[in-house]
Amino acid sequence: MRSEQGGALSRFVRFDAPRYLPAQLALVDRNMPMGMLAAIVVTVLFAGMHLRLAGNPQVIAWAGAAGFVCVLGLMLCRARPKAGAPAEAVVRHARLLSLVALALGALWGFFAWAFMKTPEPHTTNLVIGALAGINAGGMVLFCSVLPLSFIFLITSVTPVALVLLGSSVPADQLMGLATLTYMFAMLGFGYQAARSVRQSIDLRFVNADLVERLRDQTQRAVEARQVAEDALLDAESANHAKGVFLAAASHDLRQPLHALGLFIGTLAGTGLSTRQRGLLGQIDASAQAASDMLGTLLDFSKVDAGVVTPRPQTFALQPLLERLVQEFMPQAQVQGLALRVHPSPLVAVADPALVERIVRNLLSNALRYTEHGGVLVGCRLRGGGERVDIEVWDTGVGIPRHQQQAIFQEFHQLGNAERDRRKGLGLGLAIVDGLARAMSVRVTVSSVPGRGSVFRLSLPRSRDAVLPAPTPLVLAEGDLASARVLVVDDDESVRSAMADLLTQWGAWCEVAESGAEAEALMARFMPQIVVADYRLRGASNGREVIEQVRLKARRPIPGVLVTGDTSAERLREAQASGAVLLHKPVPAAQLHAVLADLLRVERLSGALPQVDAGDAGLRN
């Protein structure tokens, strides 16, 4: 109990923490000039009134002392510590103010003790009136610092109460009790006033903290925005670098595979033993596997970079599905699987090249994970006839439910912990998902482990009629006999492989490294067909070389552009120039078929063909 009382009492005589004290003293110092000047005026007035009523000249000395204390208060106010001063300086200033409050309160208390005569009512009334006013002003002046108001009240009011209580007049004694009551009431008022000041200071601190926090958050937001902008610039730079890499990879990485395929085709036409042909078949399979893996990685990089731009059009689904089934039929026969397509007259609106790529990956995936039974491809109407689903059914190993979303993530494979490359890279379904999102369509899967799976590609349906695709011309190998073919390529190995292969097919082949060399050859050699690599050394490209040869020959010589770039821009350039576009690595059989078709068209009509003989791949 005593400790609690001591703690309550200490709050009246102890200064607040350094967090609050500077702000409290600032309020006192701000009011000090007006308060001290008012105290001087009141002192002079009441000293004059008392001198006139009581005729006691000692009051002049008292007035001089009180005025001197007020002047000290004004001087102390001017010497207050600056903002941010050390805590010791602030506490020292508070103690000096306490001495001023003590001296001023004691002088007014002494005024009551020395000059108030209880038998003379006029002196009592004068002193009580003076103290009431001076205490009210003192409370306003010192209320922000509780010890100052406590000191001033006790020292100024207590003597008055004691003098009145010591009187023999009952009325004076009652007035003494009233004075004590007044003192305690003023102490309570001072406590509440000091508490309100402290709460206002707390609120100011909270506001200052909020402002500082807001300023800090704003600064962090600005810094975060700068970091985000820098990251965006880095991402754009990285994306540009990725695009440069893709362009380089599409040409430079496909180039040796392209030459290898041509050499394999040349070697296949020579007299080989049975064992040599077996080894050549394995070499061809390995080269094709490397080509497929490279194409898959480049396709995935384009999908991942978000540079695939679909070009939707209306097309019939049946020819596309039949072509893909024929493409995978040899693989299915080797595996002992049934592969068929269910006839359908449905027409869709989508990018046919991207749809073909998706279905090709789905068929490849179905055959890879099917050991017994077969694979069925078909179409089904959905959504009240507004959409058409291309469905690929298999009787393979199936997919557990918890894995049916994960299989669309890159490099995720089921049952291939040893990373057997014969089972692919785990990118086929990731490419499928990316291409579907690029076309704003969906690919879903339903599967039962041990019984098989069905993948569905949902496309918008069209009710328009579509003309069937023209049947490509296919000629026999002897149709290239005596054909004059000009090959323009800056890679020595490709030129050598192309010359050997064309010579083996019976063609007359001349090779050139650049457009200028090709024009020089035309002085003794007039080609029927020009085969040019798109990317050549220097500023020219294959399309420009073909145009130069045509201008030199003064006739529309058929041209073939060979490139590793699968962008739509290359396809548009080829179509604009009337050249056939082939993508590296070019199989020897495909090259033979294209050259034979062009030679036949050139012989029959002299017309300049505008066809794309190869799969255009992914479009930028």
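Looking at Leu321 and Ile390, their side chains come closer than 4.5 Å, going by heavy atoms from C-beta outward. Considering only heavy atoms from C-beta on, Arg382 stays 4.5 Å or farther from Arg461 through its side chain. Side chains of Val377 and Phe328 form no contact here, defined as non-hydrogen atoms less than 4.5 Å apart. When side chains are defined from C-beta on, Leu502 counts as touching Val487, because their heavy atoms get closer than 4.5 Å. Residues Val443 and Val441 fail the side-chain proximity criterion, which asks for heavy atoms closer than 4.5 Å. Side-chain contact between Ser446 and Arg456: present, with at least one pair of heavy atoms (C-beta onward) separated by less than 4.5 Å. At least one side-chain heavy atom of Met439 sits less than 4.5 Å from a side-chain heavy atom of Ile358.
Remark: Glu327 pairs with Leu324, Arg360 by the side chain to side chain contact (heavy atoms under 4.5 Å, CB included) rule, at least two apart or across chains.
Side-chain contact check for Glu322 and Gln318: at least one donor-acceptor pair (N or O, by modelled atom type) lies under 3.5 Å.
Under the 4.0 Å criterion applied to side-chain N and carboxylate O atoms, Glu223 and Arg220 are not assigned as salt-bridge partners.
Within 6.0 Å of CZ in Arg451 there are 12 or fewer heavy atoms belonging to other residues, nucleotides or ligands.
Panel note: side chain Arg550, backbone Ile557; a donor-acceptor pair is recorded below 3.5 Å. Using a distance-only test at 3.5 Å, with no hydrogens or angles considered, no donor-acceptor pair links the side chain of Asp389 to the main chain of Glu391.
Remark: Ser344 OG to Leu381 CG distance equals 7.5 Å, nearest 0.5 Å.
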